[in-house]
Amino acid sequence: MLNFPRWAVFAILAPLLIGIACAVPSFLPDRVVEQLPKFMQTRVNLGLDLSGGSHLLLEASTQDVAKQRLANMEEQVRTELRRGDTKIAIGDISSRDGKLSFMVRNPSEVDAAVERIRPLTQGAGLTGQRDFNVEVVNSSTIVITPTQAGIDNAVKGAMEVATEVIRKRIDEMGTREPTIQQQGDNRIVVQVPGLQNPKALKDLLGQTAKLEFKLVDVNANPAEVAQGRAPVGSEVLPYPTNPAGPPMIAVYRQVMVSGEDLTDAQQGYNQQGNEPNVNIRFNGAGGRKFGQVTSQNVNRPFAIILDGKVLSAPNINEPILGGSAVINGNFTVESANQLAIALRSGKLPVALTVVEERTVGPQLGADSIKAGLTASIIAVVAVAAFMFLSYGRFGMYANLAVAINVLVILGVMGILGATLTLPGIAGFVLTIGTAVDANVLIYERIREERRRGRNVVQSIEHGYKEASRTIFEANVTHAIAGGIMLALGSGPVKGFAIVLLIGIATSVFTAVTFTRLLVSRWVRAKRPTEIHI
């Protein structure tokens, strides 16, 4: 137990030194850390309650997901039934009551239409159900009904995509180490340290950025459009900045080009009035579609629609073949830049609304850090004094292990990119207080072995060996509790659990293995015949 070959000494000291080295950048100014090699820029990130910032809880509308799926299915049905040489003629598709229904003009083609449509449906996860049910009603009408399993599966996929889109948008803002995580089935928690004004964040995240280009229905009756009614195949959309006056406009429902064909979007300026706008560029397929549509519809108005609202409806004066376009819409520089960021990061698959908002000032965070440091210092001094007075030299070994343990915890958190929160500081203080528990068990067992008449070396060997089993079992129970908090908790609870779990692992290593190395070195060097413990 007290024999440590060189490789064992290296195996013990190397991870401790690495952990300490990784903790050092957390104490250095930002300008110094930026000059260090990339692998040395391991810093502990401060949570929202310590650094200040904005907290938003976003909620997705499942009805929005269902509506979008229905619209996508309608487009797929139209395309599929027009495919090939044997086109199947159908009437207008109705989307009332959350289902699609249409009549096949030739009743003899109903079965063929069903055979074409069924492959458009697919399994809803592992439920064994389809995402849409297809059935024939009245011998010539086909009804396509979304299933609940399909909606649930779509919501799950939409939330995963929405989380990544939000992450991209916040990264574009240049903020440092945001926390973005899904909560429940349809909510996303967003925490951005250092951001004191959440308005810009809300404006950016609240924008679905669903960009569509549709032709304006110039044949629609203006009186009916003003009342919200549109001809078959068209729809009425709000147009707040309509230069013609009415805040409504009728457009064809078919999407000619969508934002999914974009490759870039940048804020720019109009050459005539020097007003802010957004310059967009399409990919190859989008550029070809855009060029084809503008070539076939010269002298017709073309609506640019964002999140269901018409930004502008300029007239197509000539074909636009360069694969790029300009979006005008009475922008400010800030709003144009936000739209460019939203378009670059992709559209949200579901609309998100803010259901909870908090802003933490930097002064409150500074007070929390000060209070946490004070509590930690008091805990360290009190524990160190108790251990020294109780166990002398062995107490000093335990104190050194505690000091190294604190640095190693910070180093591990820096390597993992973990975030330190106010409950995390509480976990730190608890770790400091309990880090010497293992040493107390070991030293008391050594005392007991001495009272039984064993010599110094035998007492130390038996003390470490016998106490290690108890120490391991006790820390396993702590780790189980911490693991449950990490898995089921959120926010502050997770912050506490992370520090607790890291502290359990590092404290066992430093309190048992590292102190055993120190004690063995002292015993081999001094050959004591008695120990004062």
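Numbers for residues simply follow the sequence, beginning at 1. Since the model is a prediction, treat every value here as computed from it, not as a measurement.
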Euclidean distance, [Y] [atom2] relative to [X] [atom1], rounded to 0.5 Å:
| X | Y | atom1 | atom2 | result |
| --- | --- | --- | --- | --- |
| Ile327 | Leu306 | CD1 | CG | 7.5 Å |
| Ile305 | Leu311 | CD1 | CG | 9.0 Å |
| Cys22 | Leu410 | SG | CG | 11.0 Å |
| Phe282 | Lys289 | CZ | NZ | 9.0 Å |
| Asn133 | Arg130 | CG | CZ | 9.5 Å |
| Gln292 | Thr294 | CD | OG1 | 9.0 Å |

Within a radius of less than 6.0 Å around [atom1] of [X], do more than 12 heavy atoms belonging to other residues, nucleotides or ligands occur?
| X | atom1 | result |
| --- | --- | --- |
| Glu260 | CD | no |
| Gln63 | CD | no |
| Asp185 | CG | no |

Residue pair [X] / [Y], side-chain heavy-atom distance below 4.5 Å:
| X | Y | answer |
| --- | --- | --- |
| Ile166 | Leu352 | yes |
| Lys214 | Glu235 | yes |
| Arg116 | Val77 | no |
| Pro276 | Tyr269 | yes |
| Arg300 | Leu215 | yes |
| Pro240 | Pro247 | no |
| Val354 | Leu57 | no |
| Asn299 | Asn315 | yes |

Exercise for the section: Classify the angle between the aromatic ring planes of Phe302 and Phe290 as parallel (below 30°), tilted (30 to 60°) or perpendicular (above 60°). Expected result: tilted
Please answer whether the main-chain N or O of [Y] pairs with a side-chain N or O of [X] as donor and acceptor at a distance below 3.5 Å.
| X | Y | result |
| --- | --- | --- |
| Gln182 | Gly184 | yes |
| Tyr239 | Ala313 | yes |
| Asn297 | Val293 | yes |
| Asp97 | Lys99 | no |
| Thr141 | Asn138 | no |

Exercise for the section: Run the numbers on Ser234 and Arg229 for side-chain hydrogen bond (donor to acceptor under 3.5 Å, both in side chains), then give the verdict. Expected result: CA-CA 9 Å; Ser234 299; Arg229 297 197 301 268; over 6 Å; no
Handout entry: Pair Glu59 + Arg187, salt bridge at N-O below 4.0 Å
Key = yes
Practice task
Could you tell me whether Glu212 and Lys210 make a salt bridge, using a distance below 4.0 angstrom between a side-chain N and a carboxylate O?
Solution key: yes
Considering all heavy atoms of both residues, which atom of [X] and which atom of [Y] are nearest to each other, and what is their separation?
| X | Y | result |
| --- | --- | --- |
| Leu70 | Gly98 | CD2-C, 3.6 Å |
| Phe102 | Ile144 | CE2-CD1, 4.1 Å |
| Leu100 | Ser95 | CD2-CB, 3.9 Å |
| Leu237 | Gly308 | CD2-O, 3.7 Å |
| Phe213 | Ile280 | CZ-CD1, 3.7 Å |
| Pro314 | Ser312 | CD-C, 3.5 Å |

Exercise for the section: Identify which one of Arg69, Glu75, Gln76, Gln68 satisfies the side chain to side chain donor-acceptor pair (under 3.5 Å) criterion when paired with Asn72. Expected result: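 Looking at Arg69, Glu75, Gln76, Gln68, the match for Asn72 under the side chain to side chain donor-acceptor pair (under 3.5 Å) is Gln68.
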Problem - Given Ile117, Leu120, Val143, the one that forms side chain to side chain contact (heavy atoms under 4.5 Å, CB included) with Val134 - result: Ile117
Handout entry: Member of Val255, Ile304, Val257, Asp261 meeting the side chain to side chain contact (heavy atoms under 4.5 Å, CB included) criterion with Leu211
Key =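 Answer after filtering Val255, Ile304, Val257, Asp261: Ile304.
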Problem - side chain to side chain contact (heavy atoms under 4.5 Å, CB included) evaluation trace for Ile180 with Thr163 - result: CA-CA 7 Å; Ile180 304 163; Thr163 302; 3.9 Å; yes
Practice task
Could you tell me which residues satisfy side chain to side chain donor-acceptor pair (under 3.5 Å) with Arg253, sequence neighbours excluded, listed by chain and number?
Solution key: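 Side chain to side chain donor-acceptor pair (under 3.5 Å) check on Arg253 returns Glu74.
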Practice task
State, without any angle test, whether Gln266 and Asp264 hold a side-chain donor-acceptor pair at a distance under 3.5 Å.
Solution key: yes
Exercise for the section: Would you please test Val355 and Leu58 for side chain to side chain contact (heavy atoms under 4.5 Å, CB included) and show each step? Expected result: CA-CA 6 Å; Val355 295; Leu58 306 172; over 6 Å; no
Handout entry: Of all pairs that satisfy salt bridge (Lys or Arg N to Asp or Glu O under 4.0 Å), the ones with a partner from residues 146-159, not counting sequence neighbours
Key =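 Qualifying pairs: none.
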Exercise for the section: For Ile151 and Asn153, run side chain to side chain contact (heavy atoms under 4.5 Å, CB included): C-alpha distance rounded to whole Å, both residues' side-chain angles, the deciding distance at 0.1 Å, then the answer. Expected result: CA-CA 5 Å; Ile151 293 175; Asn153 192 55; over 6 Å; no
Exercise for the section: Apply side chain to side chain contact (heavy atoms under 4.5 Å, CB included) to the pair Leu262 and Arg281, showing each step before the final yes or no. Expected result: CA-CA 6 Å; Leu262 291 182; Arg281 179 170 295 278; over 6 Å; no
